[in-house]
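What follows is a single structure, written as structure tokens, with notes after it.
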Number of protein chains: 4
Amino acid sequence: MQAPAGRPRRRRVEEKERRIIAAARAEFRRHGFDKARIAEIARRVGVAEGTVYLYFANKNALLLAVAAEIYDGLTREAAAGVEEIADTRGRLAFLARLHFRRLLREWRLLVMAMTPYKMADDYGSTEGYRLNRAYVRVFDLVIRDGVNRGEIRADLPLGVMRDMFYGGLEYAVRTHRLRPAGSDPDPMLDHFLGAFAAGIMARPAAAGAAREAEPVTRRLEEVAARLEAMLR
Amino acid sequence: MQAPAGRPRRRRVEEKERRIIAAARAEFRRHGFDKARIAEIARRVGVAEGTVYLYFANKNALLLAVAAEIYDGLTREAAAGVEEIADTRGRLAFLARLHFRRLLREWRLLVMAMTPYKMADDYGSTEGYRLNRAYVRVFDLVIRDGVNRGEIRADLPLGVMRDMFYGGLEYAVRTHRLRPAGSDPDPMLDHFLGAFAAGIMARPAAAGAAREAEPVTRRLEEVAARLEAMLR
Amino acid sequence: MQAPAGRPRRRRVEEKERRIIAAARAEFRRHGFDKARIAEIARRVGVAEGTVYLYFANKNALLLAVAAEIYDGLTREAAAGVEEIADTRGRLAFLARLHFRRLLREWRLLVMAMTPYKMADDYGSTEGYRLNRAYVRVFDLVIRDGVNRGEIRADLPLGVMRDMFYGGLEYAVRTHRLRPAGSDPDPMLDHFLGAFAAGIMARPAAAGAAREAEPVTRRLEEVAARLEAMLR
Amino acid sequence: MQAPAGRPRRRRVEEKERRIIAAARAEFRRHGFDKARIAEIARRVGVAEGTVYLYFANKNALLLAVAAEIYDGLTREAAAGVEEIADTRGRLAFLARLHFRRLLREWRLLVMAMTPYKMADDYGSTEGYRLNRAYVRVFDLVIRDGVNRGEIRADLPLGVMRDMFYGGLEYAVRTHRLRPAGSDPDPMLDHFLGAFAAGIMARPAAAGAAREAEPVTRRLEEVAARLEAMLR
DNA sequence: CATGAATGAGTATTCATTCAT
DNA sequence: GATGAATGAATACTCATTCAT
């Protein structure tokens, strides 16, 4: 009834791989790719340097594994969250917030993982590219679903929306990082989503007219507020 | 009786500085930052390596000077172009195309010039940041002007629009680079502008219902303007 | 009633040893000693790396086994060929051609097998040395036989002839390798043998004057032999 | 009257190059190529490691420089010695002794320098090959001169003689190294030269006969010496 | 202003060999 | 006998930057 020896050993191997990735993740986060030292990663895991190379061909492969782990997590969270939300707008809000938060919290690591390292010209054929595709597929599905439901404009190429969404979010994180620590990003995200939705959502006739009037009424309210202030 | 040597000497110095920057730009473009060699830059200019250090404190300063040159050009082109266009939408189209083209053509150099700052924790206090601010100020003016004209929603923070615009464009370039060489980016840019405008414009003169609402909102707008004038 | 397992098992073991040597030979030939990888040898044989070390103490021992195999083959061929040839000159011609061809064909492997010993200070106590001795013994026997028959000068130390023969041949191969591929080495080998024979043969039945001197020297030789016999 | 600054600096540079080569020579001799450490060479010269690379592109270039120095010395000595000797046989004896002694004294370094390093297949296009050619050219001239004087057989290709000469000598050194330290190599060298000369020298009728008798008379003299010893 | 020789820190990677199973 | 995961030593080379002239 002894379990075949292969199993536990195999499990130990997978366990070790995970620990190496975890250590690498910490090291990359702390020091960036170039200054991360394989020796330090090995030391943390408690193995010899050579052992790292039994699991990963080289430093780049290690970064890729870290990136894959991050992307996997992101993709899973994104997919799970989307499944629990019914309306397109809500789904986009969820994806935006998820992406924004993760990017903000692990800026250095994620930029490193997402920016094709060293601006490779062959990014398209990269493993990193495939990881990215898998992640944004969740976004794509949300959009396609929204188009089918008539909520999203059918005339816009998906790629344009995607670039505007994720590009805008990345820049938004960058901007947010310039603000004092602890600033609440939610109002900004609301605006972002508002603009993005306005850009891509189909306009049901009535709602459209109402929305067009929105800024004007808002300005009127501002004027009113000022008048009130004067009278007080 | 000594002729004022300062001028011509100064001119010679500036001339040499320009030549160093030009050589650096070529070298950075060809090899990227890390593999660019100061020695090669000096050789091209025809000076000793040490001489480069009389003009620039270090390699980073050299990259910064190159970036500054690029940004200056961009900023000038952007400002000049905007001045010749009357309507906001046309201005944005111009800025988008300009940015897209430059980024596409000098992707490596521009990403290089921007990436270190992306990851830096003190980006806000960076010279690179200041260069960037000067450049996007053109965009900001276009937007503010558009808001004043009532063409652009007044409720959206400028920063959100800016991030969506430039973030979206950067990602669009990245996407475009994955397509076969020579692909025409214009249709995509049109869609991008369409979506962006729809997101931020107060009245993309489009939807039928919206059009009917027009007289009403216009009258409201006029009322608001008069009230504002009174308050000022 | 247990069948004597030793035999077949032993046979299997020897079989595996042979296969390892064969794989090592191929690997060494292809990549040279330093770049030959034990792992690749094991893979080819279809055993684990550790298994190789059950048969050979280390990489050097493996090279030695390969060298031994080569030397054994050479030695056997040399001995067999010499046995079938009657005259000394013909025997030397055979040995020269055999050595030349083998060295030419397996230059890299054979130089590799010999070079470490070239430089080692303890070459004399080396296994490689013993292998070499066994091989050149065939040459030695030919020479001794030739001396006994009066065909070869008795005054020359055997070692001198041996060094000239094999040293000359090794350099001849080296020279031949510089010539265009496919060049015919035979004319060169004929000249080599001619010069070598002229150098060591007692009477290259050639020069006229030498023939006249023959009776005199023969008589002197006889006197010397008699005196020597007395002294012994 | 100040000497141009270029000179002494240039002289210092050449001086440093010499010192690096000398240190490398010592290091290579002691440890062989692979185990020689650039760091140690730099330390001995008293410069930084990087400085070594200002003078030599890499470790191989350094070995080549050492080899060149050795070859230059050998070539010069060989040429000078030959010039002072009139007869071909004497010249060959000189060259043989010179080569033998140098090879014996600096066996490791010279084998390293002479053996095309790592058995390169493109030895023919190697700088090492050119150095070697320059050296053996002295031998070639001696031979050609001997042929012109009628002392050396005109029917033998020069390459054959060269290979036999230097190949034989290399093997002779190897053999000699197996003998007890301090053994006198001269008798062996005499025999070597005797055999070599017999192999390549043209035989003037008379001299030929005398020469044939030589070994016999030598043996007679040995016998006489032993008889004398008995009578003493 | 200009030179250019000298500096020296800093690390990924390989692979023969071992030994617990 | 066989396995194969783990070990760990060992080092050439680059190039931005400096500073004596």
Side-chain angles (χ1 to χ4, degrees), chain A residues 5-6 8-10 12-13 16 34-43 45-62, chain B residues 9-10 12-13 16 33-43 45-62, chain C residues 9-10 12-13 16 33-43 45-62, chain D residues 5-6 8-10 12-13 16 34-43 45-62:
Chain A
R9 187 183 292 171
R10 176 79 192 148
R12 229 180 306 142
V13 160
K16 192 166 287 183
D34 284 329
K35 296 205 169 177
R37 287 175 304 128
I38 297 287
E40 175 62 14
I41 293 169
R43 202 191 56 72
V45 180
V47 297
E49 287 179 60
T51 305
V52 174
Y53 287 87
L54 287 182
Y55 292 81
F56 302 96
N58 50 40
K59 207 181 179 184
N60 271 300
L62 201 42
Chain B
R9 188 185 292 170
R10 176 153 194 88
R12 238 179 297 139
V13 162
K16 192 169 285 184
F33 185 80
D34 284 332
K35 294 199 172 177
R37 287 175 303 123
I38 298 285
E40 174 62 15
I41 294 169
R43 201 191 57 71
V45 179
V47 297
E49 292 168 61
T51 305
V52 173
Y53 285 84
L54 293 177
Y55 292 82
F56 301 94
N58 52 37
K59 205 182 182 183
N60 269 302
L62 203 40
Chain C
R9 186 183 294 167
R10 177 154 192 88
R12 237 179 299 138
V13 163
K16 192 169 285 184
F33 185 79
D34 284 333
K35 294 198 172 177
R37 287 176 302 123
I38 296 286
E40 175 61 16
I41 293 169
R43 201 190 58 73
V45 179
V47 298
E49 292 169 62
T51 305
V52 173
Y53 285 84
L54 294 177
Y55 292 82
F56 301 94
N58 53 38
K59 205 182 182 183
N60 268 302
L62 202 42
Chain D
R9 186 183 292 170
R10 176 80 193 150
R12 229 181 305 143
V13 160
K16 193 167 284 184
D34 285 328
K35 298 204 168 176
R37 287 176 304 128
I38 298 285
E40 175 63 16
I41 293 169
R43 204 191 55 72
V45 179
V47 297
E49 287 180 59
T51 304
V52 174
Y53 288 87
L54 287 181
Y55 291 83
F56 302 96
N58 51 39
K59 208 180 179 185
N60 271 301
L62 201 42

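On a predicted model such as this, the values are computed, not experimentally measured, just so you know.
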Output a table of nitrogen or oxygen pairs between the protein and nucleotides 7-10 of chain E separated by less than 3.5 Å.
from, atom 1, to, atom 2, distance (Å)
E:dT7, OP2, D:Ala48, N, 3.0
E:dT7, OP2, D:Thr51, OG1, 2.3
E:dG8, N7, D:Gly50, N, 3.4

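Comparing B:Asn58 and D:Ala39 by the nucleotide of DNA chain F that holds the closest heavy atom to each, the one mapping nearer the 5' end is D:Ala39.
At the heavy-atom level, C:Ala61 lies nowhere under 4.0 Å from the strands shown. Within the nucleic acid shown, B:Ala42 has no heavy atom closer than 4.0 Å to any nucleic acid atom.
As rounded to whole Å, 12 Å separates atom P of E:dA6 from atom CZ of D:Phe56. The CG atom of A:Asn60 sits 13 Å away from the C1' atom of E:dT13 (whole-angstrom rounding). Between the OH atom of D:Tyr53 and the C1' atom of E:dA6 there is a distance of 16 Å, given to the nearest Å. We find that CD1 of B:Ile41 is positioned 11 Å from P of F:dT17, with the value rounded to whole Å.
Taking every heavy atom of both residues into account, A:Ala57 and A:Ala61 meet most closely at N-CB, 4.0 Å.
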side-chain contact (heavy atoms from CB on, under 4.5 Å) evaluation trace for C:Leu54 with C:Val47: CA-CA 11 Å; C:Leu54 294 177; C:Val47 298; over 6 Å; no
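Taking 4.0 angstrom as the limit, D:Tyr55 places a side-chain polar atom (N or O) nearer than this to OP1 or OP2 of E:dA6.
Interatomic distance, D:Phe56 CZ to D:Ile41 CD1, rounded to the nearest 0.5 Å: 9.5 Å.
Under the side chain to side chain contact (heavy atoms under 4.5 Å, CB included) criterion, A:Tyr53 pairs with A:Ile38, not counting sequence neighbours. With sequence neighbours excluded, the residues that form a side chain to side chain contact (heavy atoms under 4.5 Å, CB included) with B:Arg37 are B:Glu27, B:Glu40.
The cationic atom of C:Lys59 (NZ for Lys, CZ for Arg) lies less than 6.0 Å from the six-membered ring centre of C:Phe33 and within 45° of the ring axis.
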Pairing annotation in dot-bracket form, given for DNA chain F with Watson-Crick or G-U pairs under 3.5 Å and | for cross-strand partners: .||||||||||||||||||||
